[in-house]
Structures are given as structure tokens and as C-alpha cells.
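Let me begin by presenting the structure, written as C-alpha cells, before commenting on it.
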Amino acid sequence: MEFLLYLLARTVVALVQALPLNVVARLGRAGGAMFYLLDARHRKVALKNLHRCFGAEKSGEELRDIAKENFKRIGENFCCAAKTASMTLEELRGRIEFVGAEKFFKEGEAPKTFVVAIGHFGNFEVYVRLGQFMPAFKTATTYRGLRQPSINRLMQSLRERSGCLFFERRTEAAALKSAMQKPGLILGLLADQHAGDNGLRIPFFGHECSTSAAPALFALRYRCALLTGFCYRVGLARWRLETGEEISTHKNGEPRSSEEIMVDVNCAFEKAVRRDPANWFWVHNRWKPRTAKTRRAKFEQQELDASA
């Protein structure tokens, strides 16, 4: 079964890569529109999330229009990701622009190592092309391998053409640690999805959700500057990569808590979502309720704090 899935995936990728980028984008948008009609489960999740965040500001019709456009963009982004993975930077001229390179450079200084908190904005697969705009740096990120080894190899073969370093979260921690010791590395970490029972419980759009502490922890541990990064859709198959303002990791010379740092990251993400609501990945349930395990751990911690 896995071999058949691999052949199907490889065939689809080959067909997509053989088509012009604009055609791929339009096909992706058509597919996204179809999935909006057919995929009731994810449509329900997207509309629920939009009502949670914008229900007091926008009408039901406006929220449905955002959801429909969001599905179209997801289709466009996924199809374009397969196409752009095979394109050189020269071929992508005019398709991807980068704003904010000056935040990585200081005149007269050698390249330093940075951590960038990124999210599922626009065609987020083009984040890996960032290093091609700044040859003095090497880019890196983490990923979680798929259960099917052959499909996982196919995905990584597409991504690694960018020159970005990829580290599997569960098995390559030592290699990532070694890479972080070297100057001139930009580590991008996705931080806008539900982080499970071990995530920080902090607000996003005014509602508590589980948030990964990884960007804050890496920035503190390796004494790196922490930035945010976003990919905005600016037209059909055209994107702008933007670097946000630096997130402070210290206050009065002392390290800030991971929770304080990630609250600022979530605020930056919220501003990016408000700038273009259809540009974010609404089909993911970011606001999952606490599990019984999480509630029990919090109650036990409260009892310890009260008895201290």
C-alpha cells in the first residue's frame, strides 16, 4: 500500500512540476474551493475558529467568505509548494520578495545565529528559500517525519533542494545542537499550532491555547536574537517574506520567562492574522480544550503552590 501511495504522490508531483506556476496556482484554488464544499469536518473547524476570533467584529457572511478564500489559498499554497520546490531562485524572481533583511545584519559584524518564530502563513514552504536571499547565512528548521518512509523521503527530497538544513525533532536533536553552535545560522521554528499537554497555556486572540515554547527556549539557551517571520500572499502565485520586529528575551539584564516571550510572539502572530485573515491556516484546531491529564497537573501544581 505504501508503495502505491508513493507512486501516486510522485506522479502528482511530477505533473504539477511540469505545468506553469500560474496554472498550478489556479488549479490549486479550484481544488480548495471543491474541498470547502466537500470537506465538512475542516470547514466546520475553520468557521468555528473564525467565529472565535472575529465573531464580535464580522458578520457571519464575512466569516464564510474568509473561510472560502482560505480553502482556496490552502489549495493554491500546497500545489505551488510542489512547483516552487523545483524552481531556482532566478526562476522565482518576481514571485518571491523578501523584506527585512537588514534585521539580520549589523555593519562591521560577522553573521550571528538567529531564531525566527514562524507560522502557517501563505505558502509557508517558501520560508526555506530565505537563505538564498542572504548567502552569508545558512537556514535550518525542524520537522516531524511521516509514518511512511518513502513518502517522507519524497517530501524531504523536495525541501532540501533549497539548501535549508532539516532536523527530525525526535531523532536529530544532537545534530541540531551542533548546528546551533555555529555562527550564521537562521533557525525557523513553527509556533502557531496546538502544542499538546506540554505547551504553554497562553492567550491567542484572547483565548487560552497550548503554545510551543521552542522559539523562546532556543533563543535563551543559545543566546540568540528572536524574530518573527511571515509569508504573505500578494497575488496569484506571488508572495512576500517579511521579518517582524525583534522579540525581547531579556529585561533589565535578566532572562524573561518563556511564557512572557511567547505571549509577545502570539501578539505578533495575531497582528499578522488580522492583516490578512484568509492568509492563515484556519483548518487547524489551535484552541483544543485541556485534557484530563493537563487539568490534573495544573490542579496538583496549584496545591503545591498553596502549601509552599
Side-chain angles (χ1 to χ4, degrees), residues 28-81 117-127 144 188-215 228-234 239 242 244 259 262-295 298:
R29 287 181 64 81
M34 180 182 68
F35 271 97
Y36 178 81
L37 296 174
L38 300 178
D39 190 351
R41 182 169 72 91
H42 286 99
R43 182 176 68 243
K44 183 178 178 180
V45 170
L47 287 170
K48 181 179 179 181
N49 286 339
L50 282 163
H51 275 281
R52 185 194 304 270
C53 298
F54 293 110
E57 306 171 25
K58 301 180 184 294
S59 68
E61 183 178 355
E62 288 176 311
L63 296 178
R64 286 190 293 274
D65 287 343
I66 292 172
K68 290 176 186 177
E69 175 62 19
N70 184 235
F71 270 70
K72 291 177 183 179
R73 292 198 192 183
I74 290 173
E76 177 184 350
N77 293 332
F78 274 93
C79 288
C80 285
I118 55 179
H120 293 77
F121 294 88
N123 181 5
F124 50 86
E125 288 287 345
V126 301
Y127 286 133
R144 181 159 184 161
L189 296 172
L190 287 165
D192 66 336
Q193 290 194 317
H194 185 266
D197 289 339
N198 296 322
L200 300 171
R201 303 298 303 194
I202 57 177
F204 186 52
F205 275 92
H207 302 277
E208 184 186 79
C209 63
S210 176
T211 302
S212 171
T228 52
F230 307 98
C231 176
Y232 294 101
R233 180 187 186 272
V234 294
W239 306 276
E242 291 190 16
E259 183 172 345
M262 293 311 299
V263 164
D264 287 351
V265 170
N266 274 2
C267 287
F269 282 4
E270 183 175 331
K271 290 178 182 178
V273 173
R274 288 185 177 279
R275 175 170 159 181
D276 184 1
N279 194 53
W280 192 54
F281 204 68
W282 290 103
V283 295
H284 172 74
N285 188 4
R286 178 76 193 271
W287 294 271
K288 292 180 182 178
R290 293 176 183 271
T291 64
K293 177 181 176 182
T294 305
R295 290 193 296 269
K298 182 179 180 182

What pairs with E125 under side-chain contact (heavy atoms from CB on, under 4.5 Å), at least two apart in sequence or on another chain?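 With neighbours one apart ignored, the set is A81, N123, R159.
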For F54, all residues meeting side-chain contact (heavy atoms from CB on, under 4.5 Å), sequence neighbours excluded: L50, E57, K58, L63, F205, V273, R274, P277, W282
To the nearest 0.5 Å, what is the distance between [atom1] ([X]) and [atom2] ([Y])?
X: I66; Y: N279; atom1: CD1; atom2: CG; answer: 12.0 Å
X: Y127; Y: W239; atom1: OH; atom2: CH2; answer: 13.0 Å
X: R43; Y: K68; atom1: CZ; atom2: NZ; answer: 10.0 Å

Look at the rings of F230 and Y232 and say which category their plane angle falls in: under 30° parallel, 30 to 60° tilted, over 60° perpendicular. tilted
Do the ring planes of F78 and F281 sit parallel (below 30°), tilted (30 to 60°) or perpendicular (above 60°)?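 Ring orientation of F78 relative to F281: tilted.
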Does some side-chain heavy atom of [Y] sit less than 4.5 Å from a side-chain heavy atom of [X]?
X: F269; Y: T228; answer: yes
X: P215; Y: M262; answer: yes
X: E270; Y: N266; answer: no
X: I202; Y: E259; answer: yes
X: R73; Y: R233; answer: yes

Okay, side chain of D192, backbone of A117: is any donor-acceptor separation there less than 3.5 Å? no
Mind listing the side-chain donor-acceptor pairs of residues 33-41 below 3.5 Å, one per line with the distance, residues two or more places apart or on another chain?
unit_1 : atom_1 : unit_2 : atom_2 : d
D39    : OD1    : H42    : N      : 3.3
D39    : OD1    : H42    : ND1    : 3.3
D39    : OD2    : H42    : ND1    : 2.8

Are side-chain N/O atoms of R290 and S210 paired as donor and acceptor at under 3.5 Å? no
